[in-house]
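Convention: sequence-line order gives letters A, B, ...; per-chain numbering from 1. In what follows, every heavy atom counts, from backbone to side chain, and hydrogens, waters and symmetry copies are set aside.
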2 protein chains.
Amino acid sequence: MSRATERPRRVEYSESTRAALVESAITLFTERGYARASLDEITGRARVTKGALYHHFGGKRALFEAAFEAVEIGVVTRLSDVMPGENDPWEELRAGLDAFLRVCLEAPFQRIVAQEGPVVLGYQRWYDLGERYTFGLVRASVQRLVSTGRIEGTMSVDVLARVIFGGLASGAATIAGSDDPNRTSVEVGEALERLLRGLRDG
Amino acid sequence: MSRATERPRRVEYSESTRAALVESAITLFTERGYARASLDEITGRARVTKGALYHHFGGKRALFEAAFEAVEIGVVTRLSDVMPGENDPWEELRAGLDAFLRVCLEAPFQRIVAQEGPVVLGYQRWYDLGERYTFGLVRASVQRLVSTGRIEGTMSVDVLARVIFGGLASGAATIAGSDDPNRTSVEVGEALERLLRGLRDG
DNA sequence: AGCTCGTACATACCGGCGGTATGGTGAAGC
DNA sequence: GCTTCACCATACCGCCGGTATGTACGAGCT
């Protein structure tokens with residue numbers, strides 16, 4: 001099925017093999033989902049065998065987690081650029097929102113992070129990992145709003161951030177499932193802005 | 001593995017068998033998730049074999065869909081009771097919110113409908129099914145707010161409902177994953193109310 | 001130079017599970 | 001009493017995740 005006869009990958013060094021596996025995993029998990037993407041297919045695309053996979057990773061779940069983190073890191077890097085954390089919190093939230101909606105148009109984030117993440121990794125693991133990446137940004141942003149007194153009353157920052165993040169994710173899914181993603185993206189942005197406005201004082 | 005020696009279920013009529021399969025599926029899908037719940041286990045619990053399953057359903061996916069619908073119907077029935085659609089839209093939305101948060105404390109809805117639904121059935125199928133059940137209620141509720149002029153400006157009702165539903169679902173997941181569900185349930189309710197308040201006029 | 005040893009894979013194989021093909025059984029209808 | 005069909009059991013297949021084992025190869029020591 002998946003021989004590596006012609007020019008084996010091993011000659012190109014170990015890190016490259018690991019990276020190729022992660023990249024192949026991202027592609028196939030995105031295309032067919034976790035369950036329908038077989039390891040033979042993933043390793044075959046990376047021009048290795050299961051031996052290489054189980055040398056670098058603990059199993060299919062661990063490979064998914066590596067793919068998950070790779071996608072998240074890419075997203076967080078881009079989002080951090082437009083949210084330096086020095087300007088007006090509301091302005092940055094809005095800038096981050098725009099950038100996030102663009103990210104939501106990309107299939108890997110939609111499928112691996114938002115949709116299958118909590119199911120494959122388990123909710124708790126997904127929660128813990130997300131804390132360090134995209135959700136962490138949302139949470140930090142909300143935290144700054146609260147700590148600078150822009151949101152009246154006392155409220156659990158974590159829970160509020162969770163609910164907002166859910167709205168974002170659902171908006172992401174709506175965009176991804178739409179037959180006119182660009183138009184829907186604008187509509188989602190409007191809806192989210194209206195909802196967030198309710199948090200302001202007075 | 002899963003014999004049905006002692007008092008075969010068949011004598012109790014076909015509909016009972018089908019119902020037993022659905023109930024068993026709900027239980028095991030909730031406990032272990034879709035992937036880790038085997039058909040032998042599900043049929044064994046219902047005191048039948050795979051022959052019965054594949055007579056009543058097209059396969060594992062179809063069985064999951066039946067379980068999905070069974071859970072949704074139960075939830076919608078209860079939610080409809082507190083939302084007769086005759087009182088003030090904002091009042092009903094709030095009443096529906098309370099009822100929904102209680103539903104979110106129940107594992108079957110959390111796991112089968114909110115979490116694994118979109119993954120197992122595919123997002124499009126999940127979207128179409130949800131239209132007829134829980135999400136349909138949210139959508140109708142938002143629709144009434146807009147058509148009675150309680151929300152200013154023009155906005156896509158469907159998208160807005162989607163985003164709100166995402167917030168609800170995320171709140172559901174947060175509650176389910178919390179170590180103190182009752183307390184978290186209150187916090188989620190507060191956060192959602194604050195967000196929804198932003199939709200009001202003036 | 002030769003030997004050892006750990007890394008970095010490939011190969012072969014197993015068990016479980018979803019799905020299918022086939023057989024059996026009892027009630028209903030002609 | 002014969003057929004027919006719904007209803008289900010049994011047996012079996014193929015795929016896939018996981019494991020066990022073998023092997024090429026460079027580093028380091030002697």
Notebook entry, point to check: OP1, OP2 of dT19(D) versus side-chain N and O of Tyr54(A): anything below 4.0 Å?
Noted result: no
Margin query: Reading DNA chain D from 5' onward, which residue's closest nucleotide shows up sooner: Gly51(A) or Arg18(B)?
Written below: Arg18(B)
Check: Tell me: NE2 of His55(B) to P of dA9(D), nearest whole Å?
Finding: 11 Å
Next item on the list: Please report, rounded to the nearest Å, how far the P atom of dG15(C) is from the CG atom of Asp40(B).
Entry: 17 Å
Next item on the list: Quickly, which of Trp126(A), Phe100(A), Phe165(A) forms a ring pair (Phe, Tyr, Trp, His ring centres under 6.0 Å) with Phe135(A)? Name it, please.
Entry: Phe165(A)
Check: Base, sugar-phosphate alone, or nothing: which one does Ala35(B) contact when heavy atoms must sit under 4.0 Å apart?
Finding: nothing
Checklist line | Lys50(B) (side chain) and dG19(C) (base): donor-acceptor pair under 3.5 Å | finding: yes
Notebook entry, point to check: Can you tell me how far C1' of dG18(D) sits from CZ of Arg61(A), to the nearest Å?
Noted result: 14 Å
Margin query: Run the side-chain hydrogen bond (donor to acceptor under 3.5 Å, both in side chains) test against Asp158(A) and tell me which residues pass, sequence neighbours left out.
Written below: Tyr127(A), Arg139(A)
Notebook entry, point to check: Does the gap between the ring centers of Phe109(A) and Tyr133(A) come in under 6.0 Å?
Noted result: no
Next item on the list: May I ask you to verify if any side-chain N or O of Thr49(B) is less than 4.0 angstrom from the OP1 or OP2 atom of dC8(D)?
Entry: no
Next item on the list: Between dA9(D), dG19(C), dC9(C), spot the one nearest the side chain of Ala52(A), thanks.
Entry: dC9(C)
Check: Within this structure, what is the NZ-to-P distance between Lys60(B) and dC15(D), rounded to whole angstrom?
Finding: 18 Å
Note to self: Of the listed nucleotides (dA6(D), dG19(C), dC17(C)), which one gets closest to any side-chain atom of Ser38(B)?
What the structure shows: dC17(C)
Check: Does a side-chain N-to-carboxylate-O contact under 4.0 Å join Glu187(A) and Arg183(A)?
Finding: yes
Notebook entry, point to check: Rounded to the nearest Å, what distance is computed from the CG atom of residue Leu39(B) to the P atom of nucleotide dC12(D)?
Noted result: 20 Å
Item checked: Minimum-distance nucleotide (side-chain atoms of Ser14(A) versus dC7(D), dA8(C), dG17(D)) -> dA8(C)
Next item on the list: From the options dC8(D), dG17(D), dG19(C), select the nucleotide whose nearest atom is closest to the side chain of Thr17(B).
Entry: dC8(D)
Notebook entry, point to check: Could you state the CZ-P distance from Phe57(A) to dT19(D), rounded to the nearest angstrom?
Noted result: 16 Å
Margin query: Are there over 12 heavy-atom neighbours, none belonging to Glu23(A), within less than 6.0 Å of that residue's CD?
Written below: no
Notebook entry, point to check: OH of Tyr34(A) versus P of dC16(D): gap in Å, rounded?
Noted result: 14 Å
Next item on the list: Nearest whole angstrom, please: distance from the C1' of dC9(C) to the CG of Leu21(A).
Entry: 11 Å
